[in-house]
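The block underneath contains the structure these notes are about, expressed in C-alpha cells.
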Amino acid sequence: MRQALKISLRASMLAAGLGYATLFAPGAQAASQYQQDVQRCNTTPGIDKQACLQEAGAAAQAAEQGKLTTPSMQAESQNRTRRCSNLPADKRQDCMILMEDTHAQTQGSVQSGGVIRETTITIPAPVTSAPTSTTPATPAPTTTTPVMPSSSY
C-alpha cells in the first residue's frame, strides 16, 4: 500500500509540475491576463462579481487552448456594419462614419463595460432662396413746416 501511495503521490507531483510549467509556457501570458482579470473583478464596483470571475476563467481556458485570436480586418468590418445595421436608415450612415473615423475620440474599454465613441459630423445649413431685392426701400421724403406760436395783441 505504501508503494501505491508513493506512485500516486509522484504522479500527482508530476501533474502539478506540468500544470505549473504551462503557466510559464506560451500560456503564461494567458495566466497573467487571468490574474489581472480576477483583480479587476474583485475591485470594480457595481459589477456581477460571480459572472465576471466566470468570464475571466472562460477567457483563460480559451487562451490556453489557442481559441482566443485577433479578428481579421474583414471580420472587424462586418462587425462594424452589423452594429450600425439595426439603426434607422437616417442614422446608419452617421454610425458607419463614427465606426470608421480614425480621429474619433474614445472613452472606456470593453473590460469596463463599453467603449463610447465621439466624432463631429458637419452638416451644412439648408440653402434658402435669396430675397429679390437686396436694397432696402427708401422712405419717401417728408417736409416739416415750422409752427409759429400765435400771439394775441
Side-chain angles (χ1 to χ4, degrees), residues 1-140:
M1 181 161 142
R2 282 196 128 175
Q3 187 66 15
L5 184 59
K6 282 184 179 179
I7 292 173
S8 169
L9 189 56
R10 284 183 190 155
S12 296
M13 295 287 281
L14 178 61
L18 290 175
Y20 188 76
T22 61
L23 289 176
F24 296 99
Q29 185 176 1
S32 174
Q33 182 63 48
Y34 173 72
Q35 291 171 351
Q36 291 174 10
D37 291 344
V38 168
Q39 182 180 8
R40 193 174 294 114
C41 292
N42 290 327
T43 58
T44 304
I47 63 167
D48 182 351
K49 184 176 174 181
Q50 185 65 29
C52 183
L53 291 171
Q54 186 175 4
E55 288 295 320
Q61 183 179 13
E64 288 174 359
Q65 295 172 353
K67 293 181 179 177
L68 285 182
T69 59
T70 303
S72 69
M73 294 295 281
Q74 182 181 8
E76 286 184 351
S77 177
Q78 289 172 346
N79 186 13
R80 285 191 296 271
T81 302
R82 278 194 305 260
R83 285 175 188 257
C84 297
S85 67
N86 291 333
L87 294 174
D90 62 328
K91 302 291 183 193
R92 254 181 244 138
Q93 185 62 34
D94 290 345
C95 178
M96 289 304 297
I97 289 170
L98 178 62
M99 296 303 270
E100 294 174 355
D101 186 0
T102 57
H103 299 293
Q105 296 177 0
T106 58
Q107 297 176 352
S109 67
V110 173
Q111 289 88 0
S112 68
V115 176
I116 298 172
R117 297 176 188 267
E118 181 180 352
T119 192
T120 301
I121 300 172
T122 304
I123 301 172
V127 177
T128 59
S129 60
T132 56
S133 173
T134 56
T135 309
T138 308

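Sequence positions, counted from 1, serve as the residue numbers for this chain.
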Quiz item: Restricting to pairs with a member in residues 34-65, which pass disulfide bond (SG atoms under 2.5 Å apart), not counting sequence neighbours?
Solution: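 Passing the test, one end in residues 34-65: Cys41-Cys52.
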Please check if atom [atom1] in [X] has more than 12 non-hydrogen atoms from other residues, nucleotides or ligands closer than 6.0 Å.
X: Gln54; atom1: CD; answer: no
X: Gln39; atom1: CD; answer: no
X: Gln65; atom1: CD; answer: yes

Side chain to side chain donor-acceptor pair (under 3.5 Å) against [X], all qualifying residues, sequence neighbours excluded:
X: Asp101; result: Thr119
X: Gln107; result: none
X: Asn42; result: Lys49

Quiz item: Quick one: does Glu76's side chain get under 4.5 Å of Ser72's, heavy atoms only?
Solution: no
Exercise. Report yes if the side chains of Arg117 and Gln105 come closer than 4.5 Å at any heavy-atom pair, otherwise no.
Key: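 Heavy-atom side-chain distance check fails, nothing below 4.5 Å.
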Quiz item: Hey, what do you get for OG1 (Thr106) to CD (Glu118), rounding to the nearest 0.5 Å?
Solution: 10.5 Å
Quiz item: Looking at residues at least two apart in the chain, or sitting in another chain, which of them share a side chain to side chain contact (heavy atoms under 4.5 Å, CB included) with Thr44?
Solution: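 Scan of Thr44 (side chain to side chain contact (heavy atoms under 4.5 Å, CB included), adjacent residues dropped) gives Arg40, Ile47.
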Quiz prompt | Main-chain N/O of Met73 paired with Ser77 side-chain donor or acceptor, under 3.5 Å | solution = no
Pairs of donor and acceptor atoms involving the side chains of residues 84-98, under 3.5 Å and at least two apart or interchain, shall be tabulated with distances.
residue, atom, partner, partner atom, Å
Ser85, OG, Arg82, O, 3.0
Arg92, NE, Ser85, O, 3.4
Arg92, NE, Leu87, O, 3.1
Arg92, NH2, Leu87, O, 3.1

